[in-house]
Number of protein chains: 2
Amino acid sequence: MDNNQLFQKFVAFSAAVHQITNDITKDVKSEALTPLQYKILEYIAVSQPVTLSEVSDCMQMSMPNTSREVKKLSEKGVCTRITDPDDRRKQGITLSAAGEALMNEAFQQIAVRFEQRIAGITAAERKEIEQALDLLQQKVFY
Amino acid sequence: MDNNQLFQKFVAFSAAVHQITNDITKDVKSEALTPLQYKILEYIAVSQPVTLSEVSDCMQMSMPNTSREVKKLSEKGVCTRITDPDDRRKQGITLSAAGEALMNEAFQQIAVRFEQRIAGITAAERKEIEQALDLLQQKVFY
DNA sequence: CCCTTTAGTTATCATTTGATAACAAAAACA
DNA sequence: TGTTTTTGTTATCAAATGATAACTAAAGGG
C-alpha cells in the first residue's frame, strides 16, 4: 500500500502545480488570444517547428478544429506556416516575429511572478529545487 | 542569470506535468460531466466541504457561472448542498454518495495509469521521488 | 497507373463556457 | 433601525470550443 501513498502525493502535487501555474499565467494571455489559442501558441513556442497533426495530437483536439484555430493564429500574425518541401502535405508551423515578441512578453511576466514566489530562498535550496525538478521530470513526468 | 535557468526548468517542468496529467486523466471523466464540471467536482472532492465562493475563487470563474455549474452538478446527483446554520447565506458543498463513487472510480483509473508509468522503479528511486514531490510542493508549489 | 493512406481544409451545427444585469436574503454595522 | 456588505440566484446573450461530414491534394505501394 506504499504505492497508494505515493499516488496520493502525486495527485496532490499535480493539483498544486495546476493551481499555481494557472495563478501565475492568469491574465498573462494577450487580449487578442483566446485561452485555447494561447495554449496552442505556447506549445508552438516550445516545440517549433511543429505540424498541424502534432498540434492536434498534443492538444488532444480534432484536425478540423486544430486547423481552424491555427488558421486564426496565422491570421492574427503570430505564427507562420511553411510547406515542407520534402512532403508537400505537411507544413512547418513556427512563431512569427510578432509571435516571438508576444510570447517573450508573456514569459517575462511569468518569470517575474515565479521569482516573487521563490524570493528569499537560499542557494542550497535553489540547488535542491533544481535537482528535484530534474529528477521528477526524468522519472515521472517524461 | 542562474535565476533564469531555474525559470526555464520550471516552465519545462510545468508543461510536462500538464501534459502527463492531461494524458492520464484523458477520457476518465464520466460521460455525464463536462470537463469544467469534472474539474469542479475534483476540487470539491479534495477540499470538501466548500462554499460557492470558494469554488468561484479557486476555479477563477464568476459567481453566476459557478452557481449554474454547481446547480447542474447537484441536479446530476453528484454533490449535495447544506445551508450553514451559522450563516444561512453560505452553503457547504460536499460530494454525494454517487459523487464519491464516481470520483473513486476516476481516481482508480488514474491510479492504474500512474502505476504503469512508474512501473519498474526501485525502492530507492521511489523514496527519491517522494522526497522530491514533498520538497517542490513545500518550496515552489505551495 | 490506380488505389489507399496521410495531411489538411472548409462548412455547419450543437454544446459549453464566459459576461453582465437585475435580483433576493441573510449578516454586519453604524 | 436603516443601510451596506456578503453570498448566492436567475435570466439572457455572446463567444469559444467540440463534433461531424464532405472535400482536396500529395505521397506511397502494388
Side-chain angles (χ1 to χ4, degrees), chain A residues 18 22-23 25-44 47-76 78-94, chain B residues 18 22-23 25-44 47-76 78-94:
Chain A
H18 273 86
N22 273 347
D23 227 61
T25 56
K26 185 185 173 180
D27 50 62
V28 159
K29 15 191 176 287
S30 155
E31 339 78 52
L33 300 183
T34 69
L36 219 211
Q37 284 165 8
Y38 176 79
K39 277 193 184 172
I40 294 175
L41 205 62
E42 205 172 49
Y43 171 64
I44 297 174
S47 314
Q48 60 184 321
V50 294
T51 66
L52 251 201
S53 309
E54 284 168 342
V55 176
S56 166
D57 271 8
C58 238
M59 309 294 293
Q60 300 177 194
M61 53 195 286
S62 70
M63 277 296 282
N65 292 336
T66 309
S67 179
R68 176 183 58 198
E69 295 310 318
V70 170
K71 187 182 175 191
K72 285 182 194 163
L73 286 175
S74 46
E75 279 167 0
K76 288 177 182 183
V78 293
C79 75
T80 317
R81 313 199 254 182
I82 26 176
T83 305
D84 181 343
D86 292 341
D87 183 341
R88 286 165 44 226
R89 290 170 305 182
K90 298 186 186 172
Q91 33 187 269
I93 306 170
T94 51
Chain B
H18 273 85
N22 273 347
D23 227 61
T25 57
K26 185 183 173 182
D27 50 59
V28 159
K29 14 192 177 291
S30 153
E31 341 77 52
L33 300 182
T34 69
L36 218 211
Q37 285 166 9
Y38 176 80
K39 276 192 184 174
I40 294 175
L41 205 63
E42 205 173 48
Y43 171 64
I44 297 174
S47 315
Q48 61 183 324
V50 294
T51 66
L52 250 200
S53 309
E54 285 169 340
V55 177
S56 166
D57 272 9
C58 238
M59 308 294 295
Q60 301 176 194
M61 51 194 289
S62 71
M63 277 295 284
N65 292 336
T66 308
S67 179
R68 175 184 59 197
E69 296 308 320
V70 170
K71 187 182 176 192
K72 285 181 194 165
L73 286 175
S74 45
E75 280 167 359
K76 289 178 181 183
V78 294
C79 75
T80 319
R81 312 199 255 181
I82 25 176
T83 304
D84 181 345
D86 292 341
D87 183 341
R88 286 169 40 228
R89 291 170 303 182
K90 296 184 186 174
Q91 34 188 268
I93 306 170
T94 52

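Just so we're on the same page: letters track the sequence lines, and every chain starts at 1.
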Report summary line: Contacts of A:R89 meeting side chain to side chain donor-acceptor pair (under 3.5 Å) (sequence neighbours excluded), chain-then-number -> A:D87
Query - Selection: residues 79-89 of chain A, any non-hydrogen atom under 4.0 Å of DNA chain C - result: A:R81, A:R89
Report summary line: Taken to the nearest 0.5 Å, the spacing of A:K72 NZ from A:L36 CG works out to 9.0 Å
Query raised in the report: Does B:L33 reach the side chain of B:L73, with side-chain heavy atoms less than 4.5 Å apart?
Result: yes
**Report entry** Considering all heavy atoms, the nearest B:P49-B:G92 contact
**Finding:** CB-CA, 4.4 Å
Report task. Please work out which residues in residues 49-59 of chain B have a non-hydrogen atom less than 4.0 Å from an atom of DNA chain C and list them by number. Result -> none
**Report entry** Non-hydrogen side-chain atoms of A:R81 and A:V70 separated by less than 4.5 Å
**Finding:** yes
Report summary line: The bend of the helix from C:dC1-D:dG30 to C:dA30-D:dT1, taken between the axes of its five terminal pairs at each end and rounded to 10°, is 30°
Requested in this report: Compare all side-chain heavy atoms of B:T80 with those of B:I93 and state whether any distance is below 4.5 angstrom.
Outcome: no
Query raised in the report: Can you check whether B:K71 has a side-chain N or O nearer than 4.0 Å to OP1 or OP2 of D:dT10?
Result: yes
Report task. Compare all side-chain heavy atoms of B:H18 with those of A:K39 and state whether any distance is below 4.5 angstrom. Result -> no
Report summary line: Hits for side chain to side chain donor-acceptor pair (under 3.5 Å) against B:Y43, two or more places apart or cross-chain, chain-then-number order -> none
Query raised in the report: B:S67 has a side chain; which of C:dT10, C:dG8, D:dT10 sits nearest to it?
Result: D:dT10
If you look only at distance, which donor and acceptor atoms sit under 3.5 Å apart when one is on a side chain in residues 61-68 of chain B and the other is two or more places apart or in another chain?
unit_1: B:S62; atom_1: OG; unit_2: B:N65; atom_2: N; d: 3.4
unit_1: B:S62; atom_1: OG; unit_2: B:N65; atom_2: ND2; d: 3.1
unit_1: B:N65; atom_1: OD1; unit_2: B:R68; atom_2: NH2; d: 3.2
unit_1: B:T66; atom_1: OG1; unit_2: B:S62; atom_2: O; d: 2.7

Query raised in the report: Say you draw a straight line from SG of B:C58 to CG of A:N22; how long is it, rounded to the nearest 0.5 Å?
Result: 10.0 Å
Report task. Scan for side-chain hydrogen bond (donor to acceptor under 3.5 Å, both in side chains) pairs involving residues 47-57 of chain B, sequence neighbours excluded, and state none if there are none. Result -> B:Q48-B:E100
Requested in this report: Compare the minimum distances between each of C:dG8, D:dT7, D:dA11 and the side chain of B:K90, then state the nucleotide with the smallest one.
Outcome: D:dT7
Check the interface with nucleotides 16-18 of chain C: list each N/O to N/O pair with the protein under 3.5 Å, or write none.
unit_1: C:dT17; atom_1: OP1; unit_2: B:L36; atom_2: N; d: 3.1
unit_1: C:dT17; atom_1: OP2; unit_2: B:T34; atom_2: OG1; d: 2.7
unit_1: C:dG18; atom_1: N7; unit_2: B:R68; atom_2: NH2; d: 3.0
unit_1: C:dG18; atom_1: O6; unit_2: B:R68; atom_2: NH1; d: 3.1

Report task. Measure the distance from CD on B:Q91 to P on C:dA27 and round it to the nearest whole Å. Result -> 13 Å
Requested in this report: Taking side chain to side chain donor-acceptor pair (under 3.5 Å) as the test, write out the residues that go with B:Q37, two or more places apart.
Outcome: B:E69, B:K76
Query raised in the report: So do the side chains of A:Q91 and A:D84 get within less than 4.5 Å of each other, counting heavy atoms only?
Result: no
